[in-house]
Amino acid sequence: MIPMTRRHLLALGAAMSVAGVARAQEADPRLVEMSLGNADAPVTIIEYASFTCPHCATFHRDVLPLIKTEFIETGKVRLVFREVFFDRFGLWATMVARCGGQMRYFGMVDEIYRTQRDWTVGEGDAAVAENLRKIGRLAALTDDQINACLGDQTYANALVQGYQANAERDGIDSTPSFMINGEKFGNMGFDAFKAEIEARLG
């Protein structure tokens, strides 16, 4: 689990009001809440994760597929994914993933986590950005579309401000963290998730 300090919040902070963020979210479909499953599911899991967090990648590789099969695809659980930003690479990955819209988002998330050890390395920022462009191209995005998303500073500011507001409200201090029907949990294996989900299903 990766701890999150106030330095992480402030280092990526942007001078944008909460009202400004709300207006940006209403105007830009890339800023909507990303989720899987039935909106009326009796259990909602909110996942807070960074695209550069190895423990988050492990969860997406080993645990989430089991939760999907047993609980999300059966209508019992809705998963909301909220990005956490420890560094600019994680922010860039979010901007690329969201660039494809809701229909492509989770496929790109899977690829970003699957190849985390590859795209996060390179000779400088330009190499990492190009690695992320390659992932975007796999989702049929053009370089012009990807560059427009990566170059949108207002969009980046809104993402960071939204992350800060959510993390501060839910008391998130590490990744991955989870809110299960409003109760906070740290990183867990599938058996622990299953127990918590089934306890709330009654």
Side-chain angles (χ1 to χ4, degrees), residues 1-5 8 32-87 89-98 100-121 131-132 135-136 138-139 159 162-163 166-202:
M1 186 176 296
I2 295 181
M4 178 169 54
T5 67
H8 291 116
V32 299
E33 194 105 281
M34 296 298 187
S35 66
L36 291 171
N38 184 353
D40 297 321
V43 176
T44 295
I45 298 174
I46 301 175
E47 176 190 359
Y48 283 90
S50 165
F51 283 126
T52 56
C53 161
H55 300 291
C56 302
T58 298
F59 170 78
H60 274 257
R61 183 186 67 239
D62 298 338
V63 180
L64 183 56
L66 301 176
I67 295 175
K68 283 182 180 178
T69 299
E70 188 158 346
F71 297 108
I72 295 176
E73 293 173 1
T74 57
K76 298 173 183 177
V77 166
R78 175 180 181 242
L79 176 80
V80 177
F81 184 83
R82 291 181 178 167
E83 306 97 343
V84 171
F85 306 125
F86 289 127
D87 47 54
F89 295 163
L91 177 59
W92 294 352
T94 295
M95 295 170 81
V96 171
R98 285 178 170 266
Q102 296 182 68
M103 293 297 293
R104 299 172 180 169
Y105 178 77
F106 281 100
M108 295 182 73
V109 167
D110 289 344
E111 184 65 11
I112 287 168
Y113 278 128
R114 188 186 71 82
T115 61
Q116 185 187 75
R117 293 181 179 179
D118 299 322
W119 70 261
T120 52
V121 299
N131 291 340
L132 288 169
I135 294 174
L138 292 175
L159 284 168
Y163 146 64
N166 287 329
E168 290 177 5
R169 183 184 62 250
D170 288 339
I172 303 302
D173 54 12
S174 63
T175 60
S177 288
F178 304 89
M179 304 292 293
I180 305 179
N181 281 7
E183 185 176 355
K184 187 173 74 171
F185 294 86
N187 196 15
M188 299 186 292
F190 175 70
D191 289 344
F193 267 106
K194 182 174 181 177
E196 294 296 340
I197 291 167
E198 289 180 340
R200 287 159 179 78
L201 292 173

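Residues: numbered from 1 along the sequence shown.
Rounding to the nearest 0.5 angstrom, the gap separating the SG atom in Cys56 from the CG atom in Asn187 is 7.5 Å. In this structure, the separation between CE on Met108 and CZ on Arg114 is 13.0 Å, given to the nearest 0.5 Å. Here Glu111 contributes atom CD and Phe106 contributes atom CZ; the two are 15.5 Å apart, rounded to the nearest 0.5 Å. In this structure, the separation between CD on Glu83 and CG on Asn166 is 9.5 Å, given to the nearest 0.5 Å. Going from atom OG of Ser35 over to atom CD1 of Ile72 covers 9.5 Å, rounded to the nearest 0.5 Å. Atom CD of Glu183 sits about 13.0 Å away from atom CD1 of Ile46, to the nearest 0.5 Å.
Each side-chain hydrogen bond (donor to acceptor under 3.5 Å, both in side chains) pair with one or both residues in residues 40-51, not counting sequence neighbours, appears once here: Glu47-His60, Tyr48-Arg82, Tyr48-Asp170, Ser50-Thr52.
When all heavy atoms of Leu201 and Phe71 are compared, the pair lying nearest together is CD1-CE2, 4.2 Å. The minimum heavy-atom distance linking Leu132 with Val96 is given by the pair O-CG1, 3.7 Å. In this structure, Gly75 and Pro42 approach most closely via the heavy-atom pair O-CD, 3.8 Å. Closest heavy-atom contact between Ala93 and Trp119: CB-CH2, 3.8 Å.
At least one side-chain heavy atom of Leu36 sits under 4.5 Å from a side-chain heavy atom of Lys68. By the 4.5 Å heavy-atom criterion applied to side chains, Val80 and Arg78 are counted as neighbours. Residues Leu79 and Ile67 fail the side-chain proximity criterion, which asks for heavy atoms closer than 4.5 Å.
Partners of Lys184 by side chain to side chain contact (heavy atoms under 4.5 Å, CB included), not counting sequence neighbours, listed by chain and number: Ile172, Asp173, Met179. Not a single side-chain hydrogen bond (donor to acceptor under 3.5 Å, both in side chains) links Arg117 to another residue, sequence neighbours left out. For Thr94, there are no side-chain hydrogen bond (donor to acceptor under 3.5 Å, both in side chains) partners at least two apart in sequence or on another chain. Residues passing the side chain to side chain contact (heavy atoms under 4.5 Å, CB included) test with Thr58, sequence neighbours excluded: Arg61, Asp62. Listed by chain and residue number, Phe89 satisfy the ring pair (Phe, Tyr, Trp, His ring centres under 6.0 Å) test with Trp92 (two or more places apart in sequence, or in another chain). When the ring pair (Phe, Tyr, Trp, His ring centres under 6.0 Å) test is applied to Phe51, the partners found at least two apart in sequence or on another chain are Phe81, Tyr113. Residues satisfying the side-chain hydrogen bond (donor to acceptor under 3.5 Å, both in side chains) test with Asn131, not counting sequence neighbours, are none.
Ring centroids of Phe178 and Phe59 are separated by less than 6.0 Å, placing the two rings close together.
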Do any side-chain atoms of residues 191-198 form donor-acceptor pairs under 3.5 angstrom with protein atoms, and if so which ones, sequence neighbours left out?
unit_1	atom_1	unit_2	atom_2	d
Lys194	NZ	Glu70	OE2	3.2
Glu196	OE1	Arg200	NH1	2.7

Show the numbers, then the answer: is there a side-chain contact (heavy atoms from CB on, under 4.5 Å) between His55 and Thr175?
CA-CA 8 Å; His55 300 291; Thr175 60; over 6 Å; no

